[in-house]
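Just so it is clear, the structure is predicted and the values come from calculations on it, not from any experiment.
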Amino acid sequence: MVTMNYSFKLDCDERDFFKILTNYENLPKYLPRQLKKIEILDEHDNYTTIEPTISLRTLIKKEFSQKIGIEKKSENNISAEILDGFAKGTHITISILMEKEKTLCQVNSDVKLSLKTVILYPIIKREYNSLITGVFRKISIDARQAKE
């Protein structure tokens, strides 16, 4: 088990940011090279099961899909769990709050990798950081524009 925690200060409205972040079918727009599509498998109350198709192009070139369960805990907090695949059991929590007129976005990940993939941890950590940074920055731009 590996813990990865990231925090970002963004210049946008927290509600607009959260609304865009939880529009799951639209997320491939923010990661066109990595996220090919997201299919919503089940949606009820505050719980959604999605199946994203992900394309990796680092050391290995591979496309795969996996099921992810996402629960909206509140208007500014979501919790996700990877339900199958090489990272089954991974938990991710995203919290969004206002701090000094900026949106503070915190991502806490408890990553569980299979024995076959644990050697890829340094690559996964580097890619994960750049992936999250890029997505959140792009979403914050759209959230700013939504306010205008």
Side-chain angles (χ1 to χ4, degrees), residues 1-58 63-113 117-118 120-148:
M1 181 180 347
V2 177
T3 303
M4 294 188 287
N5 299 318
Y6 301 99
S7 184
F8 308 93
K9 282 191 180 181
L10 306 168
D11 190 21
C12 64
D13 181 72
E14 66 182 293
R15 284 182 295 275
D16 292 331
F17 181 88
F18 194 76
K19 184 177 178 183
I20 293 170
L21 181 66
T22 55
N23 182 354
Y24 309 117
E25 288 179 319
N26 228 13
L27 289 179
K29 168 184 171 183
Y30 300 99
L31 286 168
R33 283 186 22 222
Q34 295 93 344
L35 259 178
K36 296 303 174 190
K37 70 176 180 174
I38 293 180
E39 182 181 348
I40 294 179
L41 302 176
D42 185 33
E43 189 171 21
H44 59 278
D45 298 328
N46 289 327
Y47 191 84
T48 305
T49 304
I50 64 172
E51 186 169 18
T53 300
I54 302 162
S55 178
L56 294 178
R57 293 183 183 153
T58 54
E63 193 169 288
F64 63 94
S65 59
Q66 58 189 98
K67 292 184 179 100
I68 302 173
I70 304 169
E71 182 180 6
K72 279 188 194 177
K73 298 277 189 176
S74 68
E75 286 301 312
N76 61 351
N77 190 305
I78 59 176
S79 178
E81 179 182 4
I82 298 177
L83 304 173
D84 64 2
F86 67 89
K88 180 179 179 178
T90 294
H91 291 275
I92 303 164
T93 302
I94 301 173
S95 302
I96 298 153
L97 26 122
M98 288 301 289
E99 183 179 275
K100 297 180 184 175
E101 297 184 27
K102 297 264 187 189
T103 295
L104 178 64
C105 186
Q106 296 177 320
V107 180
N108 300 313
S109 305
D110 188 7
V111 181
K112 295 183 181 169
L113 298 174
T117 57
V118 78
L120 299 174
Y121 169 70
I123 296 167
I124 291 170
K125 186 175 180 177
R126 184 184 68 234
E127 291 296 317
Y128 189 70
N129 183 27
S130 65
L131 179 120
I132 289 177
T133 303
V135 169
F136 287 172
R137 300 235 184 270
K138 290 176 185 176
I139 290 175
S140 73
I141 290 168
D142 281 1
R144 261 194 319 257
Q145 290 173 349
K147 202 65 169 174
E148 295 171 358

| remark: The reported gap from OG1 in T48 to CG in D42 (rounded to nearest 0.5 angstrom) is 8.0 Å

| message | Once rounded to the nearest 0.5 Å, what's the spacing between atom CD1 of I96 and atom CG of L21? | response | 5.5 Å

| message | Would Q106 and N5 count as a side chain to side chain contact (heavy atoms under 4.5 Å, CB included) here? Give the steps. | response | CA-CA 7 Å; Q106 296 177 320; N5 299 318; over 6 Å; no

| query | What is the distance from atom CG of N108 to atom OG of S7, rounded to the nearest 0.5 Å? | reply | 8.5 Å

| field | Rounded distance (nearest 0.5 Å) linking atom CE of M98 with atom NZ of K100 | value | 12.5 Å

| said: According to ring pair (Phe, Tyr, Trp, His ring centres under 6.0 Å), who are the partners of Y47, at least two apart in sequence or on a separate chain? | reply: none

| Side chains of V2 and L113: does their closest heavy-atom pair fall under 4.5 Å? | no

| Side-chain heavy-atom pair I50, L27 within 4.5 angstrom cut-off | no

| note | Taken in chain and number order and not counting sequence neighbours, the residues that satisfy side chain to side chain donor-acceptor pair (under 3.5 Å) with E51 are S65

| field | Validation row: K102, D11 side chains within 4.5 angstrom (heavy atoms) | value | yes

| Those residues that, when tested against E101, pass side-chain contact (heavy atoms from CB on, under 4.5 Å) (two or more places apart) | none

| message | I want to check something: taking the side chain as every heavy atom from C-beta on, are L35 and I54 in contact at a cut-off of under 4.5 Å? | response | yes

| note | In terms of heavy-atom contacts, I70 and Y24 come closest through CG2-OH, 3.2 Å

| task | Taking all non-hydrogen atoms of both residues into account, name the closest pair between E25 and P28 and its distance. | result | O-CD, 3.3 Å

| query | In chain order, what residues pass the side chain to side chain donor-acceptor pair (under 3.5 Å) check against N23, with sequence neighbours excluded? | reply | none

| said: Please enumerate all residues that pass ring pair (Phe, Tyr, Trp, His ring centres under 6.0 Å) together with Y6, with sequence neighbours excluded. | reply: Y128

| remark: Across all chains, not counting sequence neighbours, the side-chain contact (heavy atoms from CB on, under 4.5 Å) partners of T133 are F8, N129, R137

| All side chain to side chain donor-acceptor pair (under 3.5 Å) counterparts of K9, not counting sequence neighbours | E99

| said: Could you check whether any side-chain heavy atom of C105 comes within less than 4.5 Å of a side-chain heavy atom of L10, counting everything from C-beta outward? | reply: yes

| remark: So CG of D110 and OG1 of T3: to nearest 0.5 Å the spacing works out to 5.0 Å

All N/O donor-acceptor pairs, side-chain side in residues 12-19, below 3.5 Å, sequence neighbours left out:
from : atom 1 : to  : atom 2 : distance (Å)
D13  : OD2    : R15 : N      : 3.1
D13  : OD2    : D16 : N      : 3.1

| message | Ignoring hydrogens, what is the shortest heavy-atom contact between T90 and A87? Give both atom names and the distance. | response | OG1-O, 2.7 Å

| query | Quick one: CD1 on I94 to OG1 on T22, what's the gap to the nearest 0.5 Å? | reply | 10.0 Å

| query | Under the salt bridge (Lys or Arg N to Asp or Glu O under 4.0 Å) rule, what pairs show up with a residue in residues 69-90, not counting sequence neighbours? | reply | E71-K73

| message | Among residues at least two apart in sequence or on other chains, which ones pass side-chain contact (heavy atoms from CB on, under 4.5 Å) with S130? | response | E127

| For D45, all residues meeting side-chain contact (heavy atoms from CB on, under 4.5 Å), sequence neighbours excluded | none

| Partners passing side chain to side chain donor-acceptor pair (under 3.5 Å) against S95 (at least two apart in sequence or in another chain) | N77

